[in-house]
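Please read all numbers here as calculations on a predicted model, not as lab measurements. Each ligand, and each atom within it, is numbered from 1 in the order the structure gives.
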Amino acid sequence: MGTSPVGQPQMQQAADVLIPLGTKNIDLVFKVSGRDGRLYQAFLGAKLSNVEDISKLRDAGHIAYATYGTDNLFEPAIRMTHNDGNPSLELKYVSHQVEKVDGDVTITHIKLKDPVYPVEVTLHFKTFTDENVIEQWVEIMHQESKPVTIFNYASSMLHFDANKYWLTQFHGDWAEEMRMQESELTSGIKIIDTKLGSRAHMYQTPVFILSLNGKSGENNGDVIAGTLGWSGNFQFLFEIDEKNSLRVITGINPFASEYSLQSGKSFVTPSMIFTFSNQGKGLASRNLHHWALKYGVMDASKPRYTLLNNWETTGFNFDEKKLADLIDDTKKIGLDLFLLDDGWFANKYPRNNDRAGLGDWQENAVKLPDGIGSLVKEAEIKGVKFGIWIEPEMVNPKSELYEKYPDWILKLPNRPENYYRNQLVLDLSNPQVQEFVYNVVDGLLTKYPGIAFFKWDCNRMMTNAYSVYLNDKQSHLYIEYVKSLYSVLEKLRQKYPHVPMMLCSGGGGRVDYGALHYFTEFWASDNTDPLERIYIQWGYSYFFPSISVCNHVTSWGKQSLKFRTDVAMMGKMGYDIQVKGFTENELKFSQDAIANYKRLSDIIWRGDLYRLISPYEENRAVLMYVNEAKSKAVLFVYTLNARYGETFNRVILQGLDPAKTYKIQEINVLPDARRPNMESGRSYTGDYLMKVGLNIGSATPLTSTVVEISE
Ligand code: DGJ
């Protein structure tokens with residue numbers, strides 16, 4: 001107690017409390033205000049030499065997790081209506097707890113509570129020290145006598161005070177994934193979101209880069225790069241207020257998804273994963289890659305199979321003989337696994353095109369009279385592995401599954417069914433459907449334990465969706481769908497912890513770290529034209545390490561086989577092409593390229609990525625991967641186009657050790673090529689390569705050069 005100037009006793013204001021969360025190079029600091037007991041974000045940016053300095057800030061900062069209903073005038077992170085109809089929430093700090101998981105990972109839990117209603121909101125921050133990544137999620141629970149309704153439930157809310165804000169977003173469609181767009185944010189709200197449910201990321205990918213003050217480059221500028229680990233509807237909301245402060249709210253899209261939360265139950269949001277870099281987008285990507293390789297992508301430290309897929313060459317039209325030939329080709333060209341795609345199942349309504357059979361997961365007796373087992377055996381005899389395609393969440397109306405379980409399907413009562421690729425989505429919120437989906441994989445693996453790989457597809461979004469199972473809780477559908485998908489995957493991973501699985505969604509319509517917790521890789525796009533592909537892979541490279549991005553050599557595009565191979569090589573390479581159609585030179589070239597790839601894949605998958613020349617800025621795309629010891633690197637140079645008389649500057653390398661001397665060796669050289677690049681065979685110091693650079697690449701459109709750089 002203190003004494004006021006007029007002699008009246010007065011409550012003394014409590015002291016502010018700082019809650020700093022840091023990684024090696026980032027600080028995120030919260031402050032509990034002694035004045036009002038609320039939690040504020042006081043700082044987010046490059047590491048401070050003395051975090052305590054933040055207590056000198058005159059104002060507390062911005063409300064860390066803004067509520068609706070009391071005095072917040074802008075977009076809330078959380079909004080709820082209590083069971084008595086009161087539509088307001090107020091959150092005050094209660095306590096926080098710091099949990100040191102290991103030398104790298106710390107989790108800070110900050111508990112907030114409404115002073116009037118028994119509602120508790122806990123903000124969780126997992127900080128990854130070495131990777132400079134922060135993962136945030138939120139848990140909401142209450143002890144009211146009846147359910148409350150939550151309308152907004154952000155995973156994170158971050159605040160910025162910069163002069164200007166530049167947003168880089170990634171959008172697309174089927175075969176046009178990850179188109180990069182950068183624009184300045186202006187006052188008011190900008191939303192990036194999806195409402196597609198399943199195949200949720202078909203038009204917008206749940207990733208963004210925010211540059212503070214000015215546009216950032218690969219190596220300069222303050223940058224936040226973030227992504228939401230959620231395979232369903234997401235929303236990123238950017239709001240600039242009257243003082244030019246920016247709040248970024250991320251999480252599940254609250255659209256049409258008010259959630260009735262039972263007393264004592266908790267609602268846990270998905271994780272927002274983000275990093276801060278004061279050295280531009282390049283470092284931000286490397287931070288996310290380091291994190292993903294250790295924590296984000298399933299089994300990223302384990303080997304991967306190179307594979308031959310049959311989709312582009314046979315479509316639905318195959319038999320045992322054709323597949324046996326492809327298994328032979330897999331071996332001949334030097335790949336590890338043959339992947340059988342769509343079309344192998346269903347009998348009453350055979351899967352001979354995309355109009356029938358989906359849902360009936362028994363081998364088609366005409367195409368495969370001896371069953372999957374004989375193919376697994378055939379592969380084993382030939383010394384390769386066998387993998388298989390499934391799309392277990394979907395159903396064709398022309399299927400036995402549809403006839404047997406009409407209630408298992410998402411479709412509106414009183415309205416016509418709405419098809420996309422002639423199919424409907426199963427109601428995963430229904431536990432019986434979850435069991436069915438689980439059994440598609442478990443059934444195959446139990447019967448054919450030799451299956452070594454799955455491609456899990458998902459070819460449609462939700463429209464006209466209604467769940468019989470959810471009954472009066474239709475607004476839970478988008479959320480329950482994803483949670484149910486994760487619970488099926490969780491159960492599968494309990495039993496089959498390491499079977500590699502490719503995440504696919506009619507191309508890249510479902511790509512995020514929520515799913516990559518269960519999947520080893522993803523199919524980036526059905527568009528494998530290598531020119532298009534350079535842009536698509538470039539886009540993914542900002543957020544996902546190359547080990548997770550499946551790139552196949554196919555017959556799309558008219559470019560040379562070398563160009564197609566070199567493009568596929570900067571990720572997880574595979575083939576989907578008629579090997580029989582190769583000339584002798586092409587076969588030899590491919591065998592050598594695959595051997596090169598196997599030798600260098602550890603650097604490509606797990607090395608540090610440097611994007612050197614962007615296809616968005618030049619008629620070239622150049623990037624390189626460098627291993628941790630800086631003893632090995634792989635450089636990819638692609639010429640996309642060249643105007644008459646256009647010449648290209650030397651390529652200045654990055655990420656090498658200036659003191660080391662490196663040998664330059666061109667690889668993937670065609671047997672009939674006139675001669676390798678003039679730099680090939682020479683040695684230079686890292687210093688020279690990073691200051692003077694290499695005279696590499698050609699001015700001929702759609703050509704490529706791959707260079708191995710060794711200490
Ligand atoms: C869409 C996928 O993206 C393709 O690779 C292929 O698996 C087809 N589905 C099969 O229907």
Side-chain angles (χ1 to χ4, degrees), residues 172-178 196 198-203 205 231 305 307-318 322-323 326 337-346 349-361 364 367 386-396 398-399 419-425 440-441 444 451 453-461 500-511 515 519-530 532-533 536-537 540 548-557 564 568 571-578:
D173 193 352
W174 177 79
E176 318 176 352
E177 289 85 348
M178 291 305 267
L196 305 186
S198 52
R199 202 179 180 179
H201 313 144
M202 187 169 167
Y203 303 140
T205 310
S231 313
Y305 295 129
L307 58 86
L308 178 74
N309 189 194
N310 69 310
W311 176 247
E312 291 292 332
T313 51
T314 68
F316 297 96
N317 180 16
F318 54 81
K322 267 194 196 171
L323 298 182
L326 289 170
L337 179 139
F338 171 69
L339 170 62
L340 173 58
D341 214 285
D342 196 353
W344 57 266
F345 50 90
Y349 304 105
R351 181 77 172 164
N352 292 329
N353 50 52
D354 63 19
R355 293 190 296 279
L358 208 52
D360 300 344
W361 298 103
N364 177 279
K367 287 188 212 174
F386 180 84
I388 197 161
W389 176 97
I390 50 171
E391 191 181 2
E393 299 157 72
M394 304 282 158
V395 61
N396 281 129
K398 251 177 124 179
S399 68
Y419 306 124
Y420 186 95
R421 209 195 190 207
N422 312 299
Q423 64 194 58
L424 293 160
V425 184
V440 173
V441 179
L444 279 165
I451 294 178
F453 185 91
F454 282 87
K455 175 178 178 185
W456 181 309
D457 209 343
C458 166
N459 278 294
R460 72 156 293 172
M461 70 296 278
M501 290 208 294
M502 183 201 289
L503 172 64
C504 174
S505 186
R510 184 193 258 175
V511 179
F519 289 88
T520 47
E521 53 217 90
F522 65 88
W523 183 230
S525 174
D526 277 348
N527 192 338
T528 44
D529 174 319
E532 290 296 326
R533 198 73 191 190
I536 292 170
Q537 293 170 197
Y540 284 117
S548 62
V549 188
C550 298
N551 306 328
H552 290 181
V553 178
T554 74
S555 300
W556 280 53
R564 282 179 273 158
K572 214 223 117 194
M573 182 160 77
Y575 282 71
D576 198 340
I577 197 165
Q578 205 50 266

Trp344 vs Trp361 aromatic rings, parallel, tilted or perpendicular, using cut-offs 30° and 60°?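 The rings of Trp344 and Trp361 sit tilted, inter-plane angle from 30° to 60°.
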
Give the numbers and elements of all ligand 1 atoms closer than 4.0 Å to a heavy atom of [X].
{"X": "Lys455", "result": "4 (C), 5 (O), 6 (C), 7 (O)"}
{"X": "Cys504", "result": "2 (C), 3 (O)"}
{"X": "Arg421", "result": "9 (N), 10 (C), 11 (O)"}
{"X": "Trp523", "result": "3 (O), 5 (O)"}

After noting the C-alpha distance and the side-chain angles of Arg510 and Glu393, does the key distance pass the salt bridge (Lys or Arg N to Asp or Glu O under 4.0 Å) rule? CA-CA 13 Å; Arg510 184 193 258 175; Glu393 299 157 72; 2.6 Å; yes

Are any of the N/O atoms on [X], whether in the backbone or the side chain, positioned under 3.5 angstrom from an N/O atom of ligand 1?
{"X": "Gly507", "value": "yes"}
{"X": "Asp341", "value": "yes"}
{"X": "Asp342", "value": "yes"}

Measure the distance from atom 1 (C) of ligand 1 to every protein heavy atom, then report the residue, atom name and distance (to 0.1 Å) of the closest one.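 Answer for atom 1 (C) of ligand 1: Asp457 OD2, 3.1 Å.
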
Write out the residue and atom name of the closest protein heavy atom to atom 3 (O) of ligand 1, then the distance separating them to 0.1 Å.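 Ranked first by proximity to atom 3 (O) of ligand 1 is Asp526 OD1, 2.5 Å.
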
For Glu176, check side-chain hydrogen bond (donor to acceptor under 3.5 Å, both in side chains) against everything at least two apart and list the hits.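 Per chain and number, Glu176 pairs via side-chain hydrogen bond (donor to acceptor under 3.5 Å, both in side chains) with no residue.
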
Can you tell me which residue among Arg421, Arg355, Arg351, Gln423 is in a side chain to side chain donor-acceptor pair (under 3.5 Å) with Asn396?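 Going through the options one by one, the only one that passes is Arg351.
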
Kindly indicate whether the side chain of [X], heavy atoms from C-beta on, has any atom under 4.5 Å from the side chain of [Y].
{"X": "Arg564", "Y": "Thr528", "value": "no"}
{"X": "Leu503", "Y": "Glu521", "value": "no"}
{"X": "Asp576", "Y": "Trp311", "value": "yes"}

One residue to check: Asn459. Relative to ligand 1, which of side chain, backbone, both or neither has a non-hydrogen atom less than 4.0 Å away?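 Under 4.0 Å from ligand 1, Asn459 contributes side-chain atoms alone.
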
